[in-house]
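Here the structure is laid out as structure tokens; the discussion comes afterwards.
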Amino acid sequence: MGKSSKDKRDIYYRRAKEQGWRARSAFKLLQLNDEFQLFNGVKRVVDLCAAPGSWSQVLSRELYQNQNQKDAKIVAVDLQPMTPIEGVTTIQADITHPKTLQSILEIFGGEPADFVCSDGAPDVTGLHDLDEYIQAQLILSALQLTTCILKPGGSFVAKIFRGRDIDLLYSQLGYLFDKVICAKPRSSRGTSLEAFIVCLGYKPRSGWNPTLELNKSTEEFFEDANIGKSYNLQHFELPDPEERKIAKFIACGDLNDGDSDATYTIDIDSTVKGLDPVQMPTAPPYKKALEMKRRGDLVRR
Ligand code: SAM
């Protein structure tokens, strides 16, 4: 989050800076928690795809300050380096790699997690089908890791984009959790397909011992649990619509709170100056270009 005119347009962007959150996404997790009480009794948490770290900030404040849990453990994982956050162990790693699971388990001393969240988004290529596929794979990877580390009864929250194959994902999740809800926090732009799946009450498949292997696809992983694509597609063909699991949709966040699609002229008028970012980006994609420009190596031909 830089110093930008967005301060004047987007109320959550501005508020995040005023309240010290590294990203406006903090409000999404806060609003999801207001609706579903996700943090109640939670001690071990995994924040997947966590950089720059606003969800980890929310978790740290909630567990250590509000709940005063001295023995809580929060692990944050991202491909990008993260500036440290009090009480949070950060791992710079790929969530799709089996080693990442081992690293998290070591930090938890082999104990399972109570709550796993993922706000993952891959770099966009601009090729719509490819982007949609990579996003879907990232969610499945987060779910894979979750099934290997979440305690029975635990919760999982992940960002999704309501694209073509979303019914299949809802269906798969329905076999793994007591409740699956598709939630749209008010701070998530209404114009975006973004939403969050809130999965409560993990129920491991009986007789299934999930393990991550480097050469196993997400498809093969879930086939082992009988909830892969082909199993689900057979069920989709059943005439009884009850067989098809569709997630309930809930909008969350106070209606009187800010509208993320609106332009604000009352709270934040033109006299309000842009605020400095809470945390400078550690490894922005434009870093190399800036260095080249400084050296005079960026020449237009
Ligand atoms: N929840 C974060 C916060 O509140 O600050 C924002 C997350 S940001 C929208 C998405 C993140 O997903 C990026 O930092 C990106 O590096 C990360 N990501 C994408 N693919 C990943 C992967 N395979 N492994 C780990 N992190 C990944």
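All values derive from a computational prediction rather than experimental measurement.
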Run the side chain to side chain donor-acceptor pair (under 3.5 Å) test against [X] and tell me which residues pass, sequence neighbours left out.
X   : result
D71 : none
T83 : Q279
Q65 : none

Can you tell me if [X] has over 12 outside heavy atoms packed within less than 6.0 Å of its [atom1]?
X    : atom1 : result
K203 : NZ    : yes
Y133 : OH    : no
K248 : NZ    : no

Quick check: do [X] and [Y] have side-chain heavy atoms less than 4.5 Å from each other?
X   : Y    : value
L38 : V198 : yes
Y64 : E86  : no
V88 : W55  : no

With sequence neighbours excluded, residues passing salt bridge (charged side-chain N to carboxylate O under 4.0 Å, His left out) with E194: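 Here the qualifying residues are K28, K159.
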Sequence neighbours excluded - side-chain hydrogen bond (donor to acceptor under 3.5 Å, both in side chains) pairs with any residue from residues 140-158: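 Passing the test, one end in residues 140-158: D114-K151.
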Plane angle bin for Y12 and F27 - parallel if under 30°, tilted between 30 and 60°, otherwise perpendicular: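 It falls in the tilted class, 30° to 60°.
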Just list the side-chain donor-acceptor pairs under 3.5 Å for residues 72-79, sequence neighbours left out, or say none.
residue, atom, partner, partner atom, Å
D78, OD1, Q80, N, 2.8
D78, OD2, A50, N, 3.0
D78, OD2, A51, N, 2.9

Under 3.5 Å: donor-acceptor pair, side chain of R162, backbone of A195: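 Here the side-chain-to-backbone pair does not exist.
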